[in-house]
*Asks:* 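Dumping the structure here so I can ask a few things about it.
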Amino acid sequence: MGARMYYDNDADQAALAGRTVAIIGYGSQGHAHALNLRDSGLDVFVGLAPGSRSRALAEEAGLKVGDVADAVRAADVVMILVPDTAQKDVYEAEIGPNLRQGQLLMFAHGFNIHFGRIDPPGGVDVGMVAPKGPGHLLRSVYRAGGGVPALFAVHRDHSGSGRARVLAYARALGCTRAGVLETTFAEETETDLFGEQSVLCGGTAALVKMSFETLVEAGYQPELAYFETMHELKLIVDLMYRGGLNFMRFSVSDTAEYGDYVSGPRIIDERVRETMKQVLAEIRDGSFARRWIEENESGRREFERLRSQDRDHLIERVGAELRSQMRWLDPVEVHAGQAQASAEKHAGTERAASEQPA
Ligand code: NAD
Ligand code: MG
């Protein structure tokens, strides 16, 4: 319980007053960082590839937009928000050659620094602000006067003002309203990868799918199985979000609570713990990162195969049909890698082309 949290009063905005921040990329995180920092009074310059579809969106939002190299040259702080797998190429071609002493180079995830893919020159400060939430929330919560909590890290503070600038950045993003926690690039990278593999994405998706398949294979109606194993999950997670496992257990029936105690540890058993340790070991020794980098360098064949294999799973077909009648859920259908919101709740300029969680 000893970790120190940093709030607005711990972050002096003066460290970035009058400074220019280059935001490289305008996707899920990029649009939120650019708009929040702009609304916090900083001078923002969005750097994008010449043919990027995001240019029009950023311009519509009233932001200054230009080539990546120009944004880097104009800036005091450079935040890299292109996909992790594209960062090395963009860095080597347009960012690295234009960096100068005293600038602060920033990341929202430690992957490329931690695994040695990007090695910035010595005179440049290197830091991280990693919001613990998807970009569209980072933006909408900020607009509502709140903030998304974040991790921050200082990898290198050559100038001596790196740490103060990283904290000022977190404040301008709205994150110090909720609280930010100090970490290292190693800790952030390893725990982020483990969390998304073990529970947030991998574990939860596998649990939902297997529970659904078990019911359907036993002859129960797929629609009912969908409500039971996917739809209701949100209601349960919302209880945990507000009051932890205790509040979830307080809210469900005693029967559900008893089943939780006696069957939960049989489903997620000691073998699963051993597998989790193995998954964590492969993250820490770099073998997961190597595999993912090689996959990207060889055309993403396995990734695309796995993606299409799950896309038309029965739970997805049944779910899309049922959600289409529940308009208040703001249902979204994903076709071949693209998210399309059926209800256009988010205004065009506020909405990024892609919004990915985790
Ligand atoms: P994204 O895929 O949503 O957006 C990337 C954007 O970069 C694109 O919209 C485009 O504008 C640009 N881009 C793509 N390829 C490019 C290329 N080759 N050259 C130049 N520009 C290119 O990415 P994201 O999810 O916002 O992730 C950005 C960073 O933020 C990553 O380091 C990621 O780990 C981190 N992060 C993401 C989230 C999240 O919720 N999405 C949360 C925390 C941290
Ligand atoms: Mg994450």
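Hydrogens, waters and symmetry mates are skipped; everything else that's a heavy atom, side chains included, is used. Just so you know, residue 1 is the first one in the sequence shown, and it goes up from there. Each ligand, and each atom within it, is numbered from 1 in the order the structure gives.
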*Asks:* So F152 and Y6, would you call those rings parallel, tilted or perpendicular, with 30° and 60° as cut-offs?
*Replies:*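 Answer is perpendicular, since the angle exceeds 60°.
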
*Asks:* Can you establish whether the number of heavy atoms outside R271 located under 6.0 Å from its atom CZ is more than 12?
*Replies:*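 No - once you tally the heavy atoms of other residues, nucleotides and ligands closer than 6.0 Å, there are 12 at most.
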
*Asks:* Quick one: look at S54 and ligand 1, take heavy-atom pairs under 4.0 Å, and tell me if it's side chain, backbone, both or neither.
*Replies:*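 The part of S54 near ligand 1 is the side chain, not the backbone.
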
*Asks:* Would E282 and Q278 count as having a side-chain donor-acceptor pair, cut-off 3.5 Å?
*Replies:*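 Q278 and E282 do have a side-chain donor-acceptor pair below 3.5 Å.
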
*Asks:* For Y226, does the six-membered ring have the charged nitrogen or CZ of R317 within the cation-pi criterion, i.e. under 6.0 angstrom from the centroid and within 45° of the normal?
*Replies:*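 Because its charged atom misses either the 6.0 Å distance or the 45° angle limit, R317 does not stack over Y226.
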
*Asks:* Does ligand 1 have a heavy atom under 4.0 Å from the side chain of V82, from its backbone, from both, or from neither?
*Replies:*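 The answer is both, backbone and side chain.
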
*Asks:* Which ligand 1 atoms, with their elements, are less than 4.0 angstrom from a heavy-atom of P131?
*Replies:*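 So the atoms of ligand 1 that pass are 43 (C).
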
*Asks:* Which option out of A108, G133, A86 puts a heavy atom nearest to atom 35 (C) of ligand 1?
*Replies:*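 Nearest heavy atom to atom 35 (C) of ligand 1 lies in A108.
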
*Asks:* Which of the numbered atoms in ligand 1 are below 4.0 angstrom from a heavy atom of L81?
*Replies:*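 So the answer, numbered in order with elements, is 5 (C), 6 (C), 7 (O), 28 (C), 29 (C), 30 (O).
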
*Asks:* If you take the nearest heavy atom of each of L151, L137, V90, which one is closest to atom 17 (C) of ligand 1?
*Replies:*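 Residue with the shortest heavy-atom distance to the ligand atom: V90.
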
*Asks:* Please examine the side chains of R311 and H335, heavy atoms only from C-beta on, and report whether any two atoms are closer than 4.5 Å.
*Replies:*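 When only atoms from C-beta onward are counted, R311 and H335 do not touch, as no gap falls below 4.5 Å.
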
*Asks:* Counting each atom of ligand 1 from 1 as listed, which ones have a heavy atom of H109 under 4.0 Å away?
*Replies:*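 So the answer, numbered in order with elements, is 32 (O), 34 (O).
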
*Asks:* Report yes or no: does A130 have a heavy atom closer than 4.0 Å to ligand 1?
*Replies:*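 The answer is no: ligand 1 sits nowhere under 4.0 Å from a heavy atom of A130.
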
*Asks:* Give the contacting part of L48 toward ligand 1: side chain, backbone, both or neither, where contact means a heavy-atom distance below 4.0 Å.
*Replies:*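 Only the side chain of L48 comes within reach of ligand 1.
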
*Asks:* Check this for me - ligand 1, Y26, N or O atoms closer than 3.5 angstrom, yes or no?
*Replies:*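 N/O-N/O distance under 3.5 Å: yes.
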
*Asks:* At a 4.0 Å threshold, what atoms of ligand 1 neighbour a non-hydrogen atom of P83?
*Replies:*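 Heavy-atom distances to P83 below 4.0 Å select 2 (O), 5 (C), 7 (O), 13 (N), 14 (C), 15 (N).
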
*Asks:* Between F107 and F185, what is the ring plane arrangement, given parallel below 30°, perpendicular above 60°, and tilted in between?
*Replies:*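 F107 vs F185 ring planes: perpendicular.
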
*Asks:* Looking only at N/O atoms, are S28 and ligand 1 under 3.5 Å apart anywhere?
*Replies:*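 For ligand 1, there is an N or O atom that lies under 3.5 Å from one belonging to S28.
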
*Asks:* Please list all pairs meeting salt bridge (Lys or Arg N to Asp or Glu O under 4.0 Å) that have one or both residues in residues 106-128, counting only residues at least two apart or in different chains.
*Replies:*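 Applying salt bridge (Lys or Arg N to Asp or Glu O under 4.0 Å) to every pair that reaches into residues 106-128, excluding sequence neighbours, yields R117-E297, D125-R165.
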
*Asks:* Taking the inter-plane angle between the rings of H31 and Y26 on a 0 to 90° scale, is it parallel (under 30°), tilted (30 to 60°) or perpendicular (over 60°)?
*Replies:*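 Ring orientation, 0 to 90° scale: perpendicular.
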
*Asks:* Only heavy atoms of G27, strictly under 4.0 Å: list the atoms of ligand 1 that pass.
*Replies:*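 Those atoms are 3 (O), 4 (O), 6 (C), 9 (O).
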
*Asks:* Kindly assign one of parallel, tilted or perpendicular to the pair F111 and H109, based on the angle between their ring planes and the thresholds 30° and 60°.
*Replies:*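 Tilted: the ring planes of F111 and H109 meet at 30° to 60°.
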
*Asks:* Taking 4.0 Å as the limit for heavy-atom contacts, which would you say applies to Q87 with ligand 1: side chain only, backbone only, both, or neither?
*Replies:*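 Looking at Q87 and ligand 1, just side chain atoms fall under 4.0 Å.
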
